[in-house]
Amino acid sequence: MFEYMGDRISNAIKNIRGMGKITEENISDAMREIRIALLEADVNYQVVKEFVNNVKEKALNAEV
């Protein structure tokens with residue numbers, strides 16, 4: 001299960017890594033994949049929601 005979750009998260013990050021410019025849409029797509037992977041691994045919904053929101057907020061405000 002952890003291997004599957006790790007693969008899904010790795011794929012989400014690989015999709016962003018190849019972009020010349022990271023947009024809000026790219027971040028949203030990656031966060032969607034990560035959210036699904038965590039929920040499929042039976043992580044508590046509130047924990048997933050808080051994690052995704054924190055990462056998205058930091059990613060949108062970060063300089064590349």
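Here, residue 1 is the first one in the sequence, and each next residue gets the next number.
N26 is linked by a side-chain hydrogen bond (donor to acceptor under 3.5 Å, both in side chains) to T23, counting only residues two or more places apart in sequence or in another chain. V48 is linked by a side-chain contact (heavy atoms from CB on, under 4.5 Å) to R35, L38, L39, V43, V52, counting only residues two or more places apart in sequence or in another chain. In this structure N44 satisfies the side-chain contact (heavy atoms from CB on, under 4.5 Å) test together with Q46, V47, sequence neighbours excluded. Not counting sequence neighbours, the partners of K56 by the side-chain hydrogen bond (donor to acceptor under 3.5 Å, both in side chains) test are S28. Contacts of R8 classified as side-chain hydrogen bond (donor to acceptor under 3.5 Å, both in side chains), with partners at least two apart in sequence or in another chain: Y4, E33, E40.
Summarising the geometry, atom CG belonging to D7 is positioned 8.0 Å from atom NZ belonging to K14; distances are rounded to the nearest 0.5 Å. With rounding to the nearest 0.5 angstrom, the CD1 atom of I34 is 11.0 Å from the CG atom of D29.
Under the 4.5 Å side-chain heavy-atom criterion for Ile, Leu, Val, Met, Phe, Trp and Tyr, I36 and Y45 are members of distinct hydrophobic clusters.
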